[in-house]
Amino acid sequence: MATARVTSSWQGGFQADVTVTNTGTARLNGWTVTWAKSGDQTINSLWNGRLTQTGTSVSVDDVGWNGTLAPGASGSFGYTASGATSTPELTCRVR
């Protein structure tokens with residue numbers, strides 16, 4: 001499961017944190033979080049993940065050290081973006 005939270009916003013941009021939580025009963029070894037950004041948004045920086053952007057599609061993979069999660073454990077990444085402030089609807093999958 002992945003959840004996003006806007007932590008700061010300013011005219012023309014914002015910062016958000018995303019938490020990935022293993023809600024299963026087995027250890028997971030790698031995750032990918034995806035969402036669709038609005039057309040006016042641009043991801044300017046991202047930390048604790050590997051970013052891929054194609055059009056309005058955004059995909060973030062773990063960076064290894066935060067990708068192995070025991071049941072109930074969480075990992076996170078964050079990003080800054082320009083454009084309208086929004087909290088994306090996320091999809092999370094195990095790799």
Side-chain angles (χ1 to χ4, degrees):
M1 175 177 85
T3 56
R5 177 175 67 94
V6 173
T7 58
S8 181
S9 64
W10 54 89
Q11 180 148 352
F14 64 100
Q15 179 174 319
D17 289 332
V18 176
T19 301
V20 177
T21 303
N22 180 357
T23 58
T25 58
R27 177 176 299 280
L28 67 85
N29 295 305
W31 48 260
T32 300
V33 176
T34 58
W35 70 91
K37 62 183 175 67
S38 67
D40 75 331
Q41 289 179 341
T42 300
I43 307 296
N44 298 317
S45 64
L46 182 125
W47 52 95
N48 296 338
R50 285 188 304 264
L51 174 67
T52 303
Q53 295 183 83
T54 306
T56 60
S57 177
V58 178
S59 178
V60 177
D61 294 324
D62 67 84
V63 287
W65 58 266
N66 65 350
T68 301
L69 300 174
S74 297
S76 65
F77 65 90
Y79 65 93
T80 60
S82 58
T85 301
S86 66
T87 304
E89 186 173 320
L90 306 173
T91 302
C92 184
R93 69 178 172 80
V94 177
R95 291 194 322 269

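The shown structure was predicted, so the numbers you read here are calculated from the model rather than taken from an experiment.
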Sequence neighbours excluded, which residues qualify as salt bridge (Lys or Arg N to Asp or Glu O under 4.0 Å) partners of Arg95? Asp61, Asp62
Determine whether Asn29 and Arg27 make a side-chain contact, defined as any pair of heavy atoms from C-beta on separated by less than 4.5 Å. yes
Salt bridge (Lys or Arg N to Asp or Glu O under 4.0 Å) partners of Asp17, counting only residues at least two apart: Arg5
What pair of heavy atoms forms the shortest contact from Ala4 to Val18, and how long is it? CB-CG2, 4.1 Å
May I ask you to check whether Thr3 and Thr19 show a side-chain donor-acceptor distance below 3.5 Å? no
Go through the steps to decide whether Leu69 and Val20 satisfy the test side-chain contact (heavy atoms from CB on, under 4.5 Å), and finish with yes or no. CA-CA 9 Å; Leu69 300 174; Val20 177; 4.1 Å; yes
So, the side chain of Gln41 versus the backbone of Ala84: is there a donor-acceptor pair under 3.5 Å, distance only? yes
Nearest heavy-atom contact between Thr21 and Ser74 is OG1-OG, 2.9 Å
Consider only side-chain heavy atoms of I, L, V, M, F, W and Y, link residues closer than 4.5 Å, and tell whether Met1 and Val33 are in one cluster. no
So which heavy atom on Cys92 is nearest to which on Ala2, and how close? CB-CB, 3.8 Å
I need the Ile43 CD1 to Thr80 OG1 distance, nearest 0.5 Å. 8.0 Å
Check the angle between the aromatic planes of Phe14 and Tyr79 and answer parallel, tilted or perpendicular using the 30° and 60° thresholds. perpendicular
Determine, using the 4.5 Å side-chain heavy-atom cutoff (strictly less than), whether Trp47 and Leu51 are members of one ILVMFWY cluster. no
With a 4.5 Å cut-off on side-chain heavy-atom distances among I, L, V, M, F, W and Y, is there a chain of contacts connecting Val58 to Val63? no
Point-to-point distance, once rounded to the nearest 0.5 Å, from CZ of Arg50 to OG1 of Thr32: 8.5 Å
For the side chain of Trp31 and the backbone of Asn66, is there at least one donor-acceptor N/O pair under 3.5 Å apart? yes
Residues forming a side-chain hydrogen bond (donor to acceptor under 3.5 Å, both in side chains) with Thr7, sequence neighbours excluded: none
